[in-house]
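A quick write-up on the structure given underneath.
Chain letters run A, B, ... following the sequence lines, proteins first and then strands; every chain starts at 1.
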There are 2 protein chains.
Amino acid sequence: MKKSLTIHDIAKLADVSSATVSRVLSNSSYPVSPELRQKILRIAKEYNYVPNMLGKQLKTKTSMTIGVIIPTITNLFYSSIILGVEEIARKNNYQVLLCNSFQDPALEDKYIQAMFEKQVRGLVISSISSDKRQLKHFIDMGLNVVAVDQKMGMDDVSEIDFDYYKGGHQATRHMIGKGHHRIAYVTAPLDRPSRISIHEGYLAAMKEAGLEPLVQEGGIESYSGTYEFENGKLLTRKLLGREGERPTAIFACNDMTAFGVINELSAEGLKVPDDMSVMGFDGIDFGAMMNPPLTSVLQPTYEMGRLACNMLLDMLIDSKKAETGIMLQPKLVERESVADLRG
Amino acid sequence: MKKSLTIHDIAKLADVSSATVSRVLSNSSYPVSPELRQKILRIAKEYNYVPNMLGKQLKTKTSMTIGVIIPTITNLFYSSIILGVEEIARKNNYQVLLCNSFQDPALEDKYIQAMFEKQVRGLVISSISSDKRQLKHFIDMGLNVVAVDQKMGMDDVSEIDFDYYKGGHQATRHMIGKGHHRIAYVTAPLDRPSRISIHEGYLAAMKEAGLEPLVQEGGIESYSGTYEFENGKLLTRKLLGREGERPTAIFACNDMTAFGVINELSAEGLKVPDDMSVMGFDGIDFGAMMNPPLTSVLQPTYEMGRLACNMLLDMLIDSKKAETGIMLQPKLVERESVADLRG
DNA sequence: CTGTTAGCGCGTTCAA
DNA sequence: TTGAACGCGCTAACAG
């Protein structure tokens with residue numbers, strides 16, 4: 001194992017001072033004569049010099065690293081956001097420290113602390129922890145935070161928001177427009193802002209149309225990876241077991257849940273959309289691959305990631321305070337899982 | 001924005017030397033009197049002391065960070081590996097620097113360089129770049145590498161391998177055992193070890209049974225996220241358009257491709273498995289959610305990630321050389337997409 | 001233009 | 001048991 005050299009080693013080899021080496025190798029704008037510059041560059045290359053960023057960062061107080069905290073990377077929704085974050089980070093020579101919080105507030109706090117210790121000064125987070133004291137403290141210490149997916153409602157936190165309410169409303173309107181009157185809403189626990197907003201959008205649209213809402217809410221969440229799917233199946237089973245007239249359409253809080261709904265319907269011998277219509281929420285790629293292709297509300301996750309990272313870098317570079325925030329708009333993608341009941 | 005304090009600040013407040021503070025706050029085994037220890041701990045807590053890891057790491061030459069380079073995080077196969085890596089990393093107080101290489105060798109090299117500069121000394125990688133010189137160089141400089149998914153065949157690189165050959169063989173045997181004779185193999189470009197091995201396993205099993213292989217290979221790969229699905233559709237279309245007798249079963253190189261196959265078959269009015277059987281490879285969760293549930297070869301991705309990270313940490317801590325490597329065994333999960341043609 | 005010097009925050013000898 | 005002093009690798013202020 002070879003020992004890696006420092007600018008001092010290079011300096012000795014080139015018979016100059018380490019300051020000059022630093023100025024050349026760090027692309028400083030400080031003037032250095034062309035001859036020395038060439039010489040230093042040549043030697044650095046010859047000896048495979050690799051800078052030690054820890055030294056540099058300790059001095060300049062900037063770790064070119066941003067942190068990302070999301071519930072779990074195996075959820076396509078989040079991995080897509082991360083991809084967007086990373087693209088922008090890469091283009092600006094930043095790197096991404098990834099943390100899966102599994103929605104565990106303690107773990108979330110632990111990660112934030114660890115990243116702050118590593119001098120990470122920028123954070124993209126989807127947090128559901130309600131106690132923001134620790135985060136607040138780090139923000140006071142200079143941490144910049146952009147929230148995605150789940151809004152935080154904190155002064156110093158910028159938000160890349162999505163209009164979940166409008167999305168829920170729009171989806172419901174769509175089904176009503178197709179002639180559906182009995183529309184059920186099937187959802188994972190209403191324990192966070194995004195889900196609550198979709199739910200409210202649904203309720204509002206139903207009320208406006210003078211229709212009776214029918215909500216089936218899931219129980220405690222797990223992180224088995226197939227939770228949402230299983231939850232969709234379970235809630236559908238409950239829904240079908242209910243007394244009274246069956247709904248003609250089921251609206252699910254996200255696409256994975258919708259897949260579960262469809263699967264259960266199929267197991268019960270019900271065809272989608274002939275016997276029952278299904279509407280998703282997310283617009284993940286998989287929806288287009290299902291049979292039938294799932295009608296859904298598109299969330300521009302990749303774009304959310306890009307915007308979040310850009311906003312964060314702006315904050316880091318100009319050290320300006322939280323921007324006003326961005327509200328992304330939903331877009332309904334009509335595929336084939338919702339039947340037209342009119343005529 | 002408050003200024004964060006250093007051990008010197010704490011030292012002044014406690015009226016001791018910074019050395020003593022360091023010994024207490026870094027949990028050194030060095031003896032410090034209980035009184036001073038308590039006093040320092042109290043003050044550190046009171047003033048919300050946060051250590052600066054850059055200083056520590058510069059001194060101790062260890063960044064508690066490992067790097068992960070995979071093609072793209074939006075592929076469930078890889079995100080699941082990462083989750084396993086991160087779990088083990090977390091338990092050992094390491095953090096994960098994530099890089100999506102998009103199978104771009106130049107980007108891969110750039111990331112490796114950047115991580116090495118940040119003093120990352122451990123790397124989990126799924127690489128398809130053929131030029132390993134740069135990596136080799138960093139290994140000589142002290143980088144520890146564990147390869148997952150794609151084997152590298154380098155002396156100093158440990159490998160978490162999966163028996164792709166056996167998997168391909170096993171899957172093919174399974175279909176043959178169900179009475180299939182005309183079995184097509186549909187695959188993304190055979191441009192990397194894993195795919196080549198599955199293909200060879202298929203060929204061998206067919207040959208052993210005295211059957212004629214029928215391979216349909218895909219063209220240039222993109223990273224659209226739906227590439228594999230589209231590729232499955234395209235290849236199926238080509239396959240069905242061929243002259244001669246149709247196969248009774250299609251074996252796809254991975255589950256996403258299999259979903260495309262099924263989708264296309266369905267579009268052509270062919271039912272799975274009644275009119276055509278389909279076999280996948282991966283065993284991703286989604287397979288169980290499809291209709292029909294996909295028979296596939298299970299790869300323990302999460303376990304691969306865990307093993308890779310454990311192996312890496314062993315190398316980092318004991319600085320022992322590459323272990324012998326681990327070969328994970330395939331396991332066939334029979335679901336409902338392969339028909340039994342016998343009697 | 002170049003070099004000397006002084007830290008960044010921390011851990012770790014070596015003396016006391 | 002404690003503290004003074006040094007250095008990890010680098011940049012930046014100041015002199016020359």
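Within the 4.5 Å cutoff, the side chain of Thr65(B) has no heavy atoms near those of the Tyr94(B) side chain. Between Thr74(A) and Asn100(A), the closest side-chain pair of non-hydrogen atoms is not below 4.5 Å.
When the P atom of dG9(C) is taken as reference, atom CE of Met141(A) falls 12 Å away, rounded to whole Å. Rounding to whole angstrom units, CZ of residue Arg23(B) and C1' of dC14(C) are separated by 11 Å. With rounding to whole Å, Arg121(A) atom CZ is found 13 Å from dC8(C) atom C1'. Across the protein-nucleic acid pair, Ile7(A) atom CD1 and dT2(C) atom P stand 16 Å apart, rounded to whole Å.
A salt bridge is defined here as a Lys NZ or Arg NE, NH1 or NH2 lying under 4.0 Å from an Asp or Glu carboxylate O, and Asp156(A) with Lys136(A) meets this definition. Asp15(B) and Lys39(B) are not joined by a salt bridge, as no carboxylate oxygen comes within less than 4.0 angstrom of a charged side-chain nitrogen.
A side-chain donor-acceptor contact under 3.5 Å links Thr60(B) and Thr62(B). Side chains of Glu108(A) and Ser127(A): a donor on one and an acceptor on the other come within 3.5 Å. Checked by atom type, the side-chain pair Tyr78(A)/Asp149(A) shows a donor-acceptor distance below 3.5 Å.
The OG atom of Ser18(A) sits 11.5 Å away from atom CD1 of Ile10(A), with the distance rounded to the nearest 0.5 Å. The distance from atom CG of Leu307(B) to atom CD1 of Ile88(B), rounded to the nearest 0.5 Å, is 8.5 Å. Here Phe102(B) contributes atom CZ and Ile73(B) contributes atom CD1; the two are 9.5 Å apart, rounded to the nearest 0.5 Å.
The residue among Thr20(B) and His8(B) whose nearest nucleotide of DNA chain D is located toward the 5' end is Thr20(B).
Taking Phe138(B) as the reference, Phe116(B) meet the ring-ring contact (aromatic ring centres under 6.0 Å, His included) condition, with sequence neighbours excluded.
Listed by first and then second residue, the salt bridge (Lys or Arg N to Asp or Glu O under 4.0 Å) pairs that reach into residues 65-88 of chain A are Glu87(A)-Lys91(A), Glu87(A)-Arg306(A), sequence neighbours excluded.
Summary for the helix from dC1(C)-dG16(D) to dA16(C)-dT1(D): the axes at its two ends, each from 5 pairs, differ by 40° when rounded to the nearest 10 degrees.
Of the residues in residues 24-44 of chain A, Tyr30(A), Pro31(A), Val32(A), Ser33(A), Leu36(A) come within less than 4.0 Å of DNA chain C through at least one heavy atom, sorted by number. Across residues 52-64 of chain B, Leu58(B), Lys59(B), Lys61(B) each have a non-hydrogen atom less than 4.0 Å from an atom of DNA chain D (numbered order).
Heavy atoms of Ser22(A) sit under 4.0 angstrom from at least one base atom.
For DNA chain D, the outermost nucleotides in 5' to 3' order that have an atom under 4.0 Å from a heavy atom of chain A are dG9(D) to dA15(D).
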Q | Test side-chain contact (heavy atoms from CB on, under 4.5 Å) applied to Met304(B) and Val85(B), step by step | A | CA-CA 8 Å; Met304(B) 285 169 74; Val85(B) 170; over 6 Å; no
